[in-house]
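Quick caveat: nothing in here was measured; it's all calculated off a predicted structure. Nothing fancy with the numbering, it's 1 onward along the sequence.
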Amino acid sequence: MKISIEYTDSKEIEVLIRGGATNPEVLQIISALHALNAKTTNENQIIGTHNEATYILDLDTILFFESEGEIVSAVTSENRYRVKQRLYEINELVGETKFIQISKWCIANIKKIEKVELGINATMTVFFKDTNYRQVLTRSYMKHFKTKVLGG
């Protein structure tokens, strides 16, 4: 393993890892960095920005995380907050105890799901409690969703 360090005046720390995606050392380093990052914020919280202000969001208040191109948002019943993490990083961070991936672009809070309706072409629509928000549950995530959330 080769380690290079570059000191800058930036207050933000940037870590770049070069290596194979399945290399055990790379996976171990990523895991350690996630653990370190979780220690800096409560593991039940995530940092989001809205209107140029930064907020600490409790995961329990988030309806779903949504990816639109390069932008990942945490959506609550009140606002949409931009988060720095990629969707796969959020998936690793939140785990599968409170959230579940329902499409390539969306991770939903299980406790915030009100109902699920069957739609056209064997798709399902997930509706969220006390809001008008809804997301499509795509076929590739349906079996896991049915097992985990619907118990069947």
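In the hydrophobic clustering of ILVMFWY residues, with side-chain heavy atoms under 4.5 Å counting as a link, Leu87 and Leu93 come out together. Phe127 and Phe64 are assigned to two separate hydrophobic clusters, defined by single-linkage of ILVMFWY side chains at heavy-atom distances under 4.5 Å. Under a hydrophobic clustering in which Ile, Leu, Val, Met, Phe, Trp and Tyr are joined whenever their side-chain heavy atoms come within less than 4.5 Å, directly or via other members, Ile102 and Trp105 fall into different clusters. A continuous path of ILVMFWY side-chain contacts below 4.5 Å connects Ile100 to Leu118, so both sit in one hydrophobic cluster. One hydrophobic cluster, built from ILVMFWY side chains closer than 4.5 Å, cannot hold both Val136 and Val126; they sit in different ones.
Ile113 places a side-chain heavy atom less than 4.5 Å from the side chain of Phe145. Taking the side chain as every heavy atom from C-beta outward, Ile62 and Val75 never approach each other to under 4.5 Å. A 4.5 Å side-chain heavy-atom check between Ile107 and Asn91 finds at least one atom pair inside the cut-off. Residues Thr125 and Leu137 have side chains not in contact (no heavy-atom distance under 4.5 Å, counting atoms from C-beta outward). Using a 4.5 Å heavy-atom threshold, the side chains of Ile47 and Tyr55 count as separate. Two residues are said to be in side-chain contact when any heavy atoms from C-beta on lie closer than 4.5 Å; Val72 and Ile90 meet this criterion. Within the 4.5 Å cutoff, side-chain heavy atoms of Tyr7 are placed close to those of Ile5. At a threshold of 4.5 Å between non-hydrogen side-chain atoms, the residues Leu59 and Phe99 count as touching.
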- [ ] Mind running side chain to side chain contact (heavy atoms under 4.5 Å, CB included) on Arg82 and Ile71 for me, showing each step along the way?
- [x] CA-CA 7 Å; Arg82 187 170 180 171; Ile71 299 171; 3.7 Å; yes

- [ ] For the pair Ile110 and Lys148, evaluate side chain to side chain contact (heavy atoms under 4.5 Å, CB included) and give the outcome as yes or no after the intermediate values.
- [x] CA-CA 9 Å; Ile110 295 170; Lys148 183 161 178 67; 3.7 Å; yes

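In terms of the side-chain hydrogen bond (donor to acceptor under 3.5 Å, both in side chains) criterion, residue partners of Lys115 (sequence neighbours excluded) are, by chain and number, Glu117.
For the pair His50 (side chain) and Arg80 (backbone), a donor-acceptor distance under 3.5 Å is present. Between the side chain of Ser103 and the backbone N or O of Cys106, at least one donor-acceptor pair lies under 3.5 Å.
Using a 4.0 Å cut-off between charged side-chain N and carboxylate O, Glu70 and Arg86 make a salt bridge. Salt bridge status for Lys98 with Asp60: present, with a side-chain N to carboxylate O gap under 4.0 Å.
Listed by first then second residue, pairs satisfying side-chain hydrogen bond (donor to acceptor under 3.5 Å, both in side chains) with a partner in residues 126-137 read Glu66-Gln135, not counting sequence neighbours.
Here the closest non-hydrogen pair linking Ala74 and Val83 is CB-CG1, 4.0 Å.
Rounded to the nearest 0.5 Å, atoms CD1 (Ile46) and CD (Glu89) are 9.5 Å apart. The line from CE of Met124 to CZ of Arg139 is 12.5 Å long, rounded to the nearest 0.5 Å.
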